[in-house]
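What follows is a short report on a single structure.
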There are 2 protein chains.
Amino acid sequence: MKSVKECLNNLKKKGFKLTPQRQAVIEYLEGNSSHPSAADMFREVKKKYPMISFATVYNTLKMLGEAKEIISLTIGFDKVNFDPNTEQHGHFFCQNCGKIIDIFPDKKMKIEEIEGYQINDRQIYYYGICSECLKANNLDEL
Amino acid sequence: MKSVKECLNNLKKKGFKLTPQRQAVIEYLEGNSSHPSAADMFREVKKKYPMISFATVYNTLKMLGEAKEIISLTIGFDKVNFDPNTEQHGHFFCQNCGKIIDIFPDKKMKIEEIEGYQINDRQIYYYGICSECLKANNLDEL
DNA sequence: GTACTTGCAAACAGTTTGCATAGGC
DNA sequence: GCCTATGCAAACTGTTTGCAAGTAC
């Protein structure tokens, strides 16, 4: 997702209807690097658009995924998180505070080939302790 | 998990009790590259050990994870899958047949460092169509 | 006007939990 | 004998679904 405007154009081109609910979700996601879950989105979007429902959030996320405007992360073990940045990059999951942090490689990552397979996507997940938690030394139990 | 015997020794050393149920799960997992889910394990182990319960399967998997005898994969979007091979390697998820396939790199993969972070683990997930599905051309809807 | 989207609530799947009983060490 | 593990069922969480009413185009 490069910008709200481009995203809306892309969706319109693909025949999706642009409801106010969908636009509210898109506006919340644009430039958001916090990797929100569906519940995070529901909670936040509801503040500005109180009549939105959970089903609509999921519906919108599914549509944005199909339109390749967002990617889904399964880095957490219980729920799915979403990232509007569809450029190839990795993710770090802090096992202490639960934050998901973008990891951009030094050089442009190219997805390797695997003989005989068609690769549509790759995700690289790192698990560990983030610098903030290491500094604060407020490790819960590790 | 290198072998059932080594695994049992390791668990004993760490103070875990070796119940028949746990041994049945370990024997099922040893050398198993099918990346079973908890439900798969429950179904299969039950055949040889009919009185096992779901809670015990989850309990055993949690213990094996803590003992670093297995790794958990979140490559699927709904459930967790398990791999008794704890050597660094990637995984491929076929978006057509749902199979999870081990991907071993040509050269020994080293986990990169990330300045200021402590990395405990890394997972690389590939998504696409496996060679079997490509050959069979029995693509459901893609 | 038509077809798709919404909101709601109920359903669903995977996983976790509480507790009495059983069993490893 | 102690303390942890088991089995069962119920609870819980994240996500999906069915359907009547609403709305983008």
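Per chain, numbering begins at 1; letters A, B, ... match sequence-line order.
Look at CD on A:Gln23: it is 14 Å from P on C:dT5, rounded to the nearest Å. Atom NZ in B:Lys14 sits roughly 18 Å away from atom P in D:dT4 (whole-Å rounding). Between the P atom of C:dC12 and the NZ atom of A:Lys79 lies a distance of 25 Å, rounded to the nearest Å. Atoms CD1 (A:Ile52) and C1' (C:dT5) sit 12 Å apart, rounded to a whole Å.
Annotation: of the two residues near DNA chain C, B:Phe16 and A:Ala55, the 5′-most nearest-nucleotide partner is A:Ala55. The 5' end of DNA chain D is approached more closely, in terms of each residue's nearest nucleotide, by B:Ser53 than by the other of B:Ser53 and A:Phe82. Residues A:Pro20 and B:Asp78 both approach DNA chain C. Their nearest nucleotides, taken by heavy-atom distance, put A:Pro20 toward the 5′ side.
For B:Arg22, taking side-chain heavy atoms from C-beta onward, the closest of the listed nucleotides D:dA5, D:dC25, C:dG14 is D:dA5. Looking at the side chain of A:Tyr58, the nearest of the listed nucleotides C:dG24, D:dT15, C:dT15 is D:dT15. Nearest to the side-chain atoms of A:Lys17 among the listed nucleotides D:dG14, D:dA24, C:dT15 stands D:dA24. Of all nucleotides listed (D:dA9, D:dG14, C:dT5), C:dT5 comes nearest to the side chain of A:Asn59.
Of the residues listed (A:Tyr126, A:Phe92, A:Phe93), the one engaging B:Tyr117 in a ring pair (Phe, Tyr, Trp, His ring centres under 6.0 Å) is A:Phe92, and it is the only one. Partner B:His35 forms a side chain to side chain donor-acceptor pair (under 3.5 Å) with one of B:Asp83, B:Asp40, B:Asn81 and no other, that one being B:Asp83.
Applying the 4.0 Å criterion to OP1 and OP2 of C:dG7, one finds that A:Thr56 has a side-chain N or O inside that range.
In this structure, B:Phe54 and B:Tyr58 have parallel ring planes: the angle between them is below the 30° cut-off, well short of the 60° mark.
Comment: A:Glu132 does not engage A:Lys135 in a salt bridge, judged by the lack of any side-chain N to carboxylate O separation of less than 4.0 angstrom.
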